[in-house]
**Student:** 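I am attaching a structure below and will ask some questions about it afterwards.
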Amino acid sequence: MKRNMKQWKEDLIAARAKKAMPVFSFPGGRLIGVTVEELVKDGHLQALCMEKIAEKYPQMGIALSLMDLSVEAEAFGAKVMYSEDEVPTMHGALIETEEQADALEVPQVGAGRTGECVKGIREAAQRITDRPVLAGIIGPYSLAGRLLDMTEIMILCYEEPDMVQTVLEKVTDFLVEYAKAFKEAGANGVLMAEPAAGLLSPSLIEEFSTPYVQKIRDAVEDDNFLVMYHNCGNVEPLLPQICQVNASSYSFGNAIDIEKALQALPADRLVIGNIDPAGTLRNGTPDMVREETRALLERCSKYPNFVIASGCDVPPQTPFENMDAFFETVEEFYKEA
């Protein structure tokens, strides 16, 4: 459903009580009885998964599609390994030489599983109308790293910067079109995951990530379509550079003290995070979830632009008892406040 996302964000910042926004999608596969592998390959199942989560948790502020960072790389031709109960992973580098970088073809949206992901968002946007629907998309440097190999790209930024730039330009062109396809399909925005950029120095992130993220954001963000920048790395030294992205919303992982991000970013930018998705939500107990959720709310709710969330994607096998405890604690906190 089309909605004014600029107004939505402003209303959310102004609201005393906030709805939690965890990056929460994969566990929904268990609600509809399918494996992770089945889920990541079928857009209809993705929409059903999102719908079931929305029904189970009306107190969740947004509906998010899968954070599957293998989709776009696979569309370029990279090999992906699938599992019944784990998120897909990459297998080997696709590009090893400058000649291969020059020859890399930019795929059409629809290649690989991208068509299924767009289909899933189109269906989810029709099924879920009580909250914004956001599509998951990888960031440009993180995608380039999956094509060049995550370790190798760090070296190449110094030794073969032109080769990295060539790949970045091509993946950015694709990501612009992919984001546009989600927008046309009815998404209210995208959650752009750029975690690999958290490994860069301030000067390197300014050269190899920020301008490409800006290009994608400039191409699609408007009053009705929001770009949320997600980085779950240790980005505290990079906050001045991340400010330059100039996204309307930011999502940070538990590697940082999120209060430092709230102090560094403009007060009119939404900042969500950052309960540990693995250590706390996946492997913790309901009591542990309650304790950590309340502690973070008590510390950061004084910032109007803060919304509590998971620091990254909630793992597929996360117990629903823990997620129940998370949402209940948020509701109780704001009722008491």
**Student:** May I have the step-by-step check of salt bridge (charged side-chain N to carboxylate O under 4.0 Å, His left out) for Lys170 and Asp173, ending in yes or no?
**Tutor:** CA-CA 5 Å; Lys170 292 183 178 185; Asp173 288 345; over 6 Å; no
**Student:** Would Ile275 and Val289 count as a side-chain contact (heavy atoms from CB on, under 4.5 Å) if you check the C-alpha gap in whole Å, the side-chain angles of each, and the deciding distance to 0.1 Å?
**Tutor:** CA-CA 9 Å; Ile275 298 294; Val289 172; 5.8 Å; no
**Student:** CD1/Ile216 to CD/Glu177 distance, rounded to the nearest 0.5 angstrom?
**Tutor:** 11.0 Å
**Student:** Looking at Gly253, is its backbone amide N or carbonyl O close enough to the side chain of Asn274 to form a donor-acceptor pair, meaning the two atoms are under 3.5 Å apart?
**Tutor:** yes
**Student:** Between atom CD of Gln241 and atom CG of Leu238, what is the distance when rounded to the nearest 0.5 Å?
**Tutor:**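 Between atom CD of Gln241 and atom CG of Leu238 there are 6.0 Å.
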**Student:** Looking at Asp223 and Asn4, would you say the former's side chain and the latter's main chain have a donor-acceptor pair under 3.5 Å?
**Tutor:** no
**Student:** Is the CD atom of Glu116 crowded by more than 12 outside heavy atoms at less than 6.0 Å?
**Tutor:**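 More than 12 within 6.0 Å, yes.
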**Student:** Mind checking the CD1-CG spacing from Ile95 to Leu148? Nearest 0.5 Å is all I need.
**Tutor:**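 If we round to the nearest 0.5 Å, Ile95:CD1 and Leu148:CG are 5.0 Å apart.
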**Student:** Should we say atom CE of Met81 is surrounded by more than 12 heavy atoms from elsewhere, each under 6.0 Å from it?
**Tutor:**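 Counting other residues, nucleotides and ligands, CE of Met81 stays at 12 neighbours or fewer.
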**Student:** Report the distance from atom OH of Tyr141 to atom CG of Leu204, rounding to the nearest 0.5 Å.
**Tutor:**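 Reported value, rounded in 0.5 Å steps: 7.5 Å.
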**Student:** Is it the case that over 12 heavy atoms from other parts of the model lie below 6.0 angstrom from the NZ atom of Lys2?
**Tutor:** no
**Student:** Would you indicate whether the side-chain heavy atoms of Phe306 and Glu259 approach each other to under 4.5 Å?
**Tutor:**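 They are not in contact (no side-chain heavy atoms under 4.5 Å apart), so the answer is no.
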**Student:** Taking Arg3 for the side chain and Asn188 for the main chain, is one N or O donor matched with an acceptor at less than 3.5 Å?
**Tutor:**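 Not confirmed, Arg3 side chain does not pair with Asn188 backbone.
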**Student:** Could you check whether atom CD of Glu331 has more than 12 heavy atoms from other residues, nucleotides or ligands sitting under 6.0 Å from it?
**Tutor:** yes
**Student:** If you take all heavy atoms of Pro202 and Pro237, which pair is closest and at what distance?
**Tutor:** CG-O, 4.0 Å
**Student:** Is the backbone N or O of Ile138 less than 3.5 Å from a side-chain atom of Glu72, with the two atoms forming a donor-acceptor pair by type?
**Tutor:** yes
**Student:** Would you say that Pro316 contacts Asp85 through its side chain, given a criterion of any heavy-atom pair below 4.5 Å between the two side chains?
**Tutor:**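 No, their side chains stay 4.5 Å or more apart.
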**Student:** So Leu175 and Tyr212, side-chain contact (heavy atoms from CB on, under 4.5 Å) or not? Walk me through it.
**Tutor:** CA-CA 10 Å; Leu175 291 173; Tyr212 299 97; over 6 Å; no
**Student:** For residues Glu194 and Pro140, determine if any side-chain heavy atom of one lies less than 4.5 Å from a side-chain heavy atom of the other.
**Tutor:** yes
**Student:** Which heavy atom of Cys232 sits nearest a heavy atom of Cys312, and at what distance?
**Tutor:** SG-SG, 3.6 Å
**Student:** Start with the C-alpha distance between Met154 and Leu200, add both sets of side-chain angles, then the distance that settles side-chain contact (heavy atoms from CB on, under 4.5 Å), and finish with yes or no.
**Tutor:** CA-CA 8 Å; Met154 298 289 291; Leu200 296 171; 3.9 Å; yes
**Student:** Determine whether Val36 and Phe24 fall in the same hydrophobic cluster, where Ile, Leu, Val, Met, Phe, Trp and Tyr are linked whenever their side-chain heavy atoms lie under 4.5 Å apart.
**Tutor:** no
**Student:** About how many Å separate CD of Glu160 and OG1 of Thr166, when rounded to the nearest 0.5 Å?
**Tutor:** 10.0 Å
**Student:** What closest approach, in Å, do Met192 and Val227 show between heavy atoms, and which atom pair accounts for it?
**Tutor:** CE-CG1, 4.4 Å
**Student:** Restricting to non-hydrogen atoms, name the atom on Glu84 and the atom on Thr35 that form the minimum distance, rounded to 0.1 Å.
**Tutor:** O-CB, 3.3 Å
**Student:** Apply side-chain contact (heavy atoms from CB on, under 4.5 Å) to the pair Phe326 and Ile308, showing each step before the final yes or no.
**Tutor:** CA-CA 10 Å; Phe326 171 74; Ile308 196 164; 4.2 Å; yes
**Student:** Where the side chain of Arg290 meets the backbone of Glu328, is there a donor-acceptor pair that is under 3.5 Å apart?
**Tutor:**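 No: the side chain of Arg290 does not pair with the backbone of Glu328.
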**Student:** Taking C-beta and beyond as the side chain, do Ser142 and Leu69 meet within less than 4.5 Å on heavy atoms?
**Tutor:**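 With C-beta onward as the side chain, the pair stays apart.
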**Student:** Is the closest side-chain heavy-atom distance between Val80 and Thr89 below 4.5 Å?
**Tutor:** no
**Student:** Assess whether side chain to side chain donor-acceptor pair (under 3.5 Å) is satisfied between Thr280 and Glu292, documenting all intermediate values.
**Tutor:** CA-CA 8 Å; Thr280 301; Glu292 294 193 16; 2.8 Å; yes
**Student:** Between Lys41 (side chain) and Arg113 (backbone), is there a donor-acceptor pair under 3.5 Å?
**Tutor:**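 Side chain of Lys41 to backbone of Arg113: no pair is present.
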**Student:** Check for me, please, whether Val171 and Tyr229 land in the same ILVMFWY cluster - side-chain distances under 4.5 Å, paths through other members count.
**Tutor:** yes
**Student:** Given 3.5 Å as the limit, does a donor-acceptor pair link the side chain of Asn283 with the main chain of Ala278, or not?
**Tutor:** yes
**Student:** Got a sec: does the CD of Gln108 have more than 12 other heavy atoms crowding it under 6.0 Å?
**Tutor:**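 Not more than 12 within 6.0 Å, no.
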**Student:** Looking only at heavy atoms, which two atoms of Val235 and Gly198 are closest? And how far apart?
**Tutor:** CG1-CA, 4.1 Å
**Student:** Under 3.5 Å, is there a donor-acceptor pair between the side chain of Lys183 and the main chain of Val220?
**Tutor:**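 Looks like yes, one N/O pair under 3.5 Å.
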**Student:** Would a 4.5 Å heavy-atom cut-off, applied to side chains only, mark Asn231 and Tyr250 as touching?
**Tutor:**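 Sidechains of Tyr250 and Asn231: no contact.
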**Student:** I need the Ser249 OG to Leu226 CG distance, nearest 0.5 Å.
**Tutor:**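 Rounded to the nearest 0.5 Å, the OG-CG separation comes out at 4.0 Å.
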**Student:** Given the rule that I, L, V, M, F, W and Y join up when any side-chain heavy atoms are under 4.5 Å apart, are Tyr334 and Ile272 in one cluster?
**Tutor:**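 Same hydrophobic cluster.
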**Student:** Under 3.5 Å, is there a donor-acceptor pair between the side chain of Gln46 and the main chain of Leu39?
**Tutor:**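 Checking the backbone N and O of Leu39 against the side chain of Gln46, a donor-acceptor pair under 3.5 Å is found.
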**Student:** Let me know which of Glu221, Lys6, Lys9, Arg269 forms a side-chain hydrogen bond (donor to acceptor under 3.5 Å, both in side chains) with Ser248.
**Tutor:** Glu221
**Student:** Honestly curious: do Ile153 and Phe208 fall in one hydrophobic cluster under the side-chain, below-4.5 Å linking rule?
**Tutor:**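 Yes, Ile153 and Phe208 fall within the same hydrophobic cluster.
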**Student:** With salt bridge (charged side-chain N to carboxylate O under 4.0 Å, His left out) as the rule and sequence neighbours excluded, what pairs involving residues 125-153 come up?
**Tutor:**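 Pairs touching residues 125-153 that pass the test: Glu51-Arg127, Glu123-Arg127.
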**Student:** Phe174 vs Tyr178 aromatic rings, parallel, tilted or perpendicular, using cut-offs 30° and 60°?
**Tutor:**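 Phe174 and Tyr178: parallel rings.
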**Student:** Is the backbone N or O of Ala111 less than 3.5 Å from a side-chain atom of Thr114, with the two atoms forming a donor-acceptor pair by type?
**Tutor:**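 Such a contact is found between Thr114 side chain and Ala111 backbone.
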**Student:** Could you tell me whether the side chain of Leu296 reaches within less than 4.5 Å of the side chain of Ile258, counting heavy atoms only?
**Tutor:** yes
**Student:** Let me check something: do Val190 and Val109 share a hydrophobic cluster, defined by ILVMFWY side-chain heavy atoms less than 4.5 Å apart, either directly or through other members?
**Tutor:**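 Linked within one cluster.
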**Student:** Identify the heavy atoms of Leu66 and Ser25 that sit nearest to each other, and give their distance.
**Tutor:**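 Nearest heavy atoms, Leu66 then Ser25: CA-OG, 3.4 Å.
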**Student:** Check this for me: Glu336, atom CD, are more than 12 non-hydrogen atoms of other residues, nucleotides or ligands nearer than 6.0 Å?
**Tutor:** yes
**Student:** Do the side chains of Leu104 and Leu147 get nearer than 4.5 Å, heavy atoms only?
**Tutor:** yes
**Student:** Decide yes or no on salt bridge (charged side-chain N to carboxylate O under 4.0 Å, His left out) for Lys52 and Glu55, but give the supporting numbers first.
**Tutor:** CA-CA 5 Å; Lys52 286 298 181 185; Glu55 289 175 354; 3.7 Å; yes
**Student:** List the steps and the verdict of salt bridge (charged side-chain N to carboxylate O under 4.0 Å, His left out) for Glu184 and Arg122.
**Tutor:** CA-CA 8 Å; Glu184 186 276 331; Arg122 190 181 304 279; 2.8 Å; yes
